[in-house]
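A quick write-up on the structure given underneath.
Nothing fancy with the numbering, it's 1 onward along the sequence. Just the heavy atoms: all of them, side chains too, but no hydrogens, waters or symmetry mates, feed the values below. The shown structure was predicted, so the numbers you read here are calculated from the model rather than taken from an experiment.
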Amino acid sequence: MENTLISKSFSVPLSLRLSGSALKIIAVLSMAADHCAYFLMEPDTPLYNVLRCFGRIAFPVFAFLIAEGFAHTRSRTRYFLTLLGFALLSEIPWNLLNGYDGTHNVMFSLSLGVATLAVFDRLCEHGPLCCFSILILCCLAWWSGVDYEWRGILMIAMFYMLRHQTIIPWLSHHHICFPSQAIIQILFTFPLMMHYGIAGAILASIVIFLYDGTRGNIKGTVAKYSFYAFYPCHLLFLFLSLNR
């Protein structure tokens, strides 16, 4: 009975909860706003700064969703190959926009993140070897120039490792009533988010905090691949807008 009361006292009101579908929409809109500001607007204007701040929500939420998706997917191999396939497809508009500067698009970061989670699951019982393998993958992300580099890979890994950790026992012991969903994940990943702007990190943390663990109403193959396809399509749109 005590545990039930604790769980209820820590719940987020239903009206504020966000499904996985809602998180995807927020992340996509945030990414689109960020890229539109970066590529199409004059820097250091009020609107530019607002959109760039809003855009900082995108990657932490995507990283969180990758960890959730990896935990729930029926085929982790297909999950990885899908991300890698769209990464390769997105590289064309990415290079057109960025001028072949040696960097690589964020879909490579996400696919490398999935590979890191697979390594963690395989080697988690071998502590030093597991840590060393994750370190190697973080170094690979830094060396290859994928978007968000090693911080992105580490963020995905930490979101996944801390999925089932809560602070309910600590809060109960200290008689503190505060929602605990995803608190541990946010606390440990916040320093990584903060590297790209503290305001955006706070906004991203709020969005992740409100996640209710459900998939949401956006389901089916078409909807799933539409979200993946949005990334290269919007990069191509930006390139065409710059060169019309």
- Task: Verify side-chain contact (heavy atoms from CB on, under 4.5 Å) between L110 and F59, making sure each step is shown before the conclusion.
- Result: CA-CA 9 Å; L110 300 181; F59 185 80; 3.9 Å; yes
Show me, pair by pair, the donor-acceptor contacts under 3.5 angstrom made by side chains of residues 224-231, not counting sequence neighbours?
| residue | atom | partner | partner atom | Å |
| --- | --- | --- | --- | --- |
| S226 | OG | V222 | O | 2.6 |
| Y231 | OH | V106 | N | 3.4 |

- Note on the structure: Sorted by chain and residue number, the ring-ring contact (aromatic ring centres under 6.0 Å, His included) partners of F62 (sequence neighbours excluded) come out as none
Which atom pairs, donor and acceptor, lie under 3.5 Å between side-chain atoms of residues 80-90 and protein residues at least two apart or in another chain?
| residue | atom | partner | partner atom | Å |
| --- | --- | --- | --- | --- |
| T82 | OG1 | R78 | O | 2.8 |
| S90 | OG | F86 | O | 2.6 |

For residues 32-48, please give each side-chain donor-acceptor pair under 3.5 Å, one per line with the distance, not counting sequence neighbours.
| residue | atom | partner | partner atom | Å |
| --- | --- | --- | --- | --- |
| D34 | OD1 | R52 | NH1 | 2.7 |
| D34 | OD1 | R56 | NH2 | 2.9 |
| D34 | OD2 | R52 | NH1 | 3.4 |
| D34 | OD2 | R56 | NH2 | 2.7 |
| H35 | ND1 | H234 | NE2 | 2.7 |
| T45 | OG1 | E42 | O | 3.4 |
| T45 | OG1 | Y48 | N | 3.2 |

- Note on the structure: Residues passing the salt bridge (Lys or Arg N to Asp or Glu O under 4.0 Å) test with E149, sequence neighbours excluded, are none
- Message: According to ring-ring contact (aromatic ring centres under 6.0 Å, His included), who are the partners of F54, at least two apart in sequence or on a separate chain?
- Response: none
- Item | Residues which pass side chain to side chain donor-acceptor pair (under 3.5 Å) with T214, listed by chain and number, not counting sequence neighbours | D212
- Query: By side-chain contact (heavy atoms from CB on, under 4.5 Å), which residues pair with L154, not counting sequence neighbours?
  - Reply: C138, W150, M158, L192
- With no hydrogens and no angle check, is any side-chain donor or acceptor of D101 less than 3.5 Å from a backbone partner on T103? yes
- Note on the structure: So side-chain hydrogen bond (donor to acceptor under 3.5 Å, both in side chains) across residues 131-143, not counting sequence neighbours, yields none
- Message: List the residues meeting side-chain contact (heavy atoms from CB on, under 4.5 Å) with C130, not counting sequence neighbours, and say none if there are none.
- Response: F120, L123, I134
- Task: Please list all pairs passing the side-chain hydrogen bond (donor to acceptor under 3.5 Å, both in side chains) test where one or both residues lie in residues 108-132, with sequence neighbours left out.
- Result: R76-D121, D121-Y160
- Set of residues satisfying salt bridge (Lys or Arg N to Asp or Glu O under 4.0 Å) with respect to D147, sequence neighbours excluded: none
